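Written below as structure tokens is the structure these notes are about.
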Amino acid sequence: EVRGTVVVNAAGPEVDAVLGGLDAAARRPRFELSTAMNLVTRQVLPTHAVGLRGRFGVSRPDGSQVLREQVLFMAPWRGYSLVGTVHAPYEGPVTDRWVTEPMVQALLDAINQAYPPARLTRRDVYLVHRGFLPQDPARRGDDVSLLRQGQVIDHARDDGVEGLITAIGVKFTTARHLAEQVVDLVVRKGARPASACRTRHEPIPGGHLADWRAFLDEQRADWPVPMPEARIERLVRTYGTNCRALWPYWQMDASAARPVASGTDITRAEVRHAVEHEAVVHLDDVVRRRTAMGSAGPPPEKAVEAAAQVMAAARGWDARRTHQEIDRVWSAYALAEGPEVLS
Ligand SMILES: Cc1cc2nc3c(=O)[nH]c(=O)nc-3n(C[C@H](O)[C@H](O)[C@H](O)COP(=O)(O)OP(=O)(O)OC[C@H]3O[C@@H](n4cnc5c(N)ncnc54)[C@H](O)[C@@H]3O)c2cc1C
């Protein structure tokens, strides 16, 4: 249960589940689901991001297949290629387990057909990015048409429910604009004094720098512990002007500057910082979202176990909870059960 003068429902594809407690009259779908899928693959084009016209088979909720022509992008990302994005209408539970092997193969086929030198096979796929995006309720026909602008729903105006706001985002890149609209509405509703919104002038956390190269050079010159150059640059890129928040960890314990396990570059300091300062709930948040340990594919088992030990110590988890958290990490990488496709 959540209580407050104003409650913001920002549960992404689950906004309708959160609204399930409203009176029947106010209960109608606000987030019509479309799937969204990208692949992280072996790097194909290291220097250029390209748009390719591809043909992609999409399954409709009724099981029928339709061949769609669309632009597929292929962008260099952290030493990999990121390819996608394909969408399809979806009716069913909000879960990570909707991608099947044939869907992955269909996207690979589309990419290979659009750009034959790619020659991507299933073994080149390290990770499947998947999730849901909101469809445009005003779309025509049964093809996917995504909502292009974030939505702020004031349930006082729409449904007579005072103090409830639903925010539906459509892009990370426009999330701050949506947040500004939501916070302005919260302030108006709460009738609290507030200064004018600073969002459009305020850099994102860690972004208070004018000249990236000069900043990197300054950090290198001041860096307090010996470390490979590539790791220093990765940390400065990741944390920006907040990178000094890691320093106390390795000043207390020099081993915190080293990777948590072989096969990963992520240090104990990064894991501890995530656990202590970045609002993590599950180990999965540390492994797949707050650090880059598993953001491009499943990390080595030893790295996950080492991160689990750090988090268990900080959160007082017993062995059972720690194992559950480790299992949760691996299940987040699994695809839906379905026919195997071997390539
Ligand atoms: C495959 C894919 C690729 C994308 N690529 C891009 C891109 O390249 N560029 C771009 O700008 N955007 C991209 N997006 C869109 C972007 O991810 C979304 O716009 C963004 O995540 C929306 O943010 P949000 O905070 O509104 O929702 P979400 O990110 O969905 O966050 C909602 C949060 O609410 C939590 N939650 C749910 N229910 C509850 C509850 N009952 N109680 C408490 N918490 C709850 C969830 O756990 C989740 O953490 C992509 C999306 C997908 C799926």
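Bear in mind the structure is a predicted one, so any value in this text is a computation, not a measurement. Indexing begins at 1, ligand by ligand and atom by atom, following the structure's order.
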task: Evaluate whether atom CG of L67 has more than 12 neighbouring non-hydrogen atoms of other residues, nucleotides or ligands under 6.0 angstrom away.
output: yes

- request: Evaluate the 4.0 Å heavy atom contact test for atom 48 (C) of ligand 1: does a protein atom fall under the cut-off?
  value: no

query: So which protein heavy atom does atom 10 (C) of ligand 1 come closest to, and at what separation?
result: F172 N, 3.3 Å

Residue portion contacting ligand 1 (non-hydrogen atoms closer than 4.0 Å) for I168: neither

query: How far is atom 53 (C) of ligand 1 from its nearest protein heavy atom, and which residue and atom is that?
result: G131 CA, 3.5 Å

field: Q149 CD: over 12 foreign heavy atoms closer than 6.0 Å
entry: no

field: Aromatic plane relationship, F132 with Y90 - under 30° parallel, 30 to 60° tilted, over 60° perpendicular
entry: tilted

message: To check your reading of the model: name the closest protein heavy atom to atom 52 (C) of ligand 1, its residue, and the distance in Å.
response: A36 CB, 4.0 Å

query: Taking N or O atoms only and a 3.5 Å limit, does H129 qualify as a polar contact for ligand 1?
result: no

field: Crowding at CZ, R157 (>12 non-hydrogen neighbours, <6.0 Å)
entry: yes

- request: Ignoring hydrogens and angles, state whether a donor on the side chain of H87 or T35 is under 3.5 Å from an acceptor on the partner side chain.
  value: no

message: In this structure, does ligand 1 have an atom that sits under 4.0 Å from one of the heavy atoms of T85?
response: no

query: Counting each atom of ligand 1 from 1 as listed, which ones have a heavy atom of N38 under 4.0 Å away?
result: 3 (C)

message: Does this structure show an ion pair linking R234 with D265, if we count only N-O contacts that are shorter than 4.0 Å?
response: yes

message: Does the protein come close to atom 15 (C) of ligand 1 - that is, does one of its heavy atoms sit below 4.0 Å from that atom?
response: yes

- prompt: Does atom 3 (C) of ligand 1 have any protein heavy atom closer than 4.0 Å?
  reply: yes

query: Does a donor on one side chain sit under 3.5 Å from an acceptor on the other, for Y239 and Q219?
result: no

field: Minimum side-chain heavy-atom gap E233-R220 below 4.5 Å
entry: yes

- request: Give the numbers and elements of all ligand 1 atoms closer than 4.0 Å to a heavy atom of P13.
  value: 30 (O)

query: Does some non-hydrogen atom of the protein lie less than 4.0 angstrom from atom 8 (O) of ligand 1?
result: no

message: Membership question, hydrophobic clusters at under 4.5 Å side-chain separation (ILVMFWY): are V15 and V170 in the same one?
response: no

- request: Verify whether one side chain among T85 and N38 offers a donor that lies under 3.5 Å from an acceptor in the other.
  value: yes

query: Which protein heavy atom lies closest to atom 38 (N) of ligand 1, and at what distance to 0.1 Å?
result: A11 CB, 3.5 Å

- line: Short version for K171: what comes under 4.0 Å of ligand 1, heavy atoms counted, is both

Any protein heavy atom < 4.0 Å from atom 21 (O) of ligand 1: yes

- prompt: Starting from atom 28 (P) of ligand 1, which protein heavy atom do you reach first, and at what distance in Å?
  reply: G12 CA, 4.2 Å

field: Donor-acceptor side-chain pairing of Q105 and D109 below 3.5 angstrom
entry: yes

message: Can you check atom 42 (N) of ligand 1: any protein non-hydrogen atom closer than 4.0 Å?
response: no

- prompt: Looking only at protein heavy atoms, which one is nearest to atom 26 (O) of ligand 1, and how far off is it?
  reply: G169 N, 3.8 Å

query: Numbering the atoms of ligand 1 from 1, which are under 4.0 Å from a heavy atom of L133?
result: 15 (C), 51 (C)

task: Considering the heavy atoms of V170, write down every atom of ligand 1 situated less than 4.0 Å from one of them.
output: 15 (C), 19 (O)

task: Hey, could you give me the CG/CH2 distance between L246 and W223, rounded to the nearest 0.5 Å?
output: 6.5 Å

query: With a 4.0 Å heavy-atom cut-off (strictly under), which part of A17 contacts ligand 1: side chain, backbone, both or neither?
result: neither

field: Is_contact(atom 24 (P) of ligand 1), protein non-hydrogen, under 4.0 Å
entry: no

query: For ligand 1, does V18 get within less than 4.0 Å through its side chain, its backbone, both, or neither, judged by non-hydrogen atoms?
result: side chain

- request: Among all protein heavy atoms, pick out the one at the shortest distance from atom 31 (O) of ligand 1; state its residue, atom name and that distance to 0.1 Å.
  value: A10 O, 4.4 Å

Salt-bridge contact D159-R28 (side-chain N to carboxylate O under 4.0 Å): yes

query: Does a side chain donor of either E270 or T267 reach within less than 3.5 Å of an acceptor in the other side chain?
result: yes

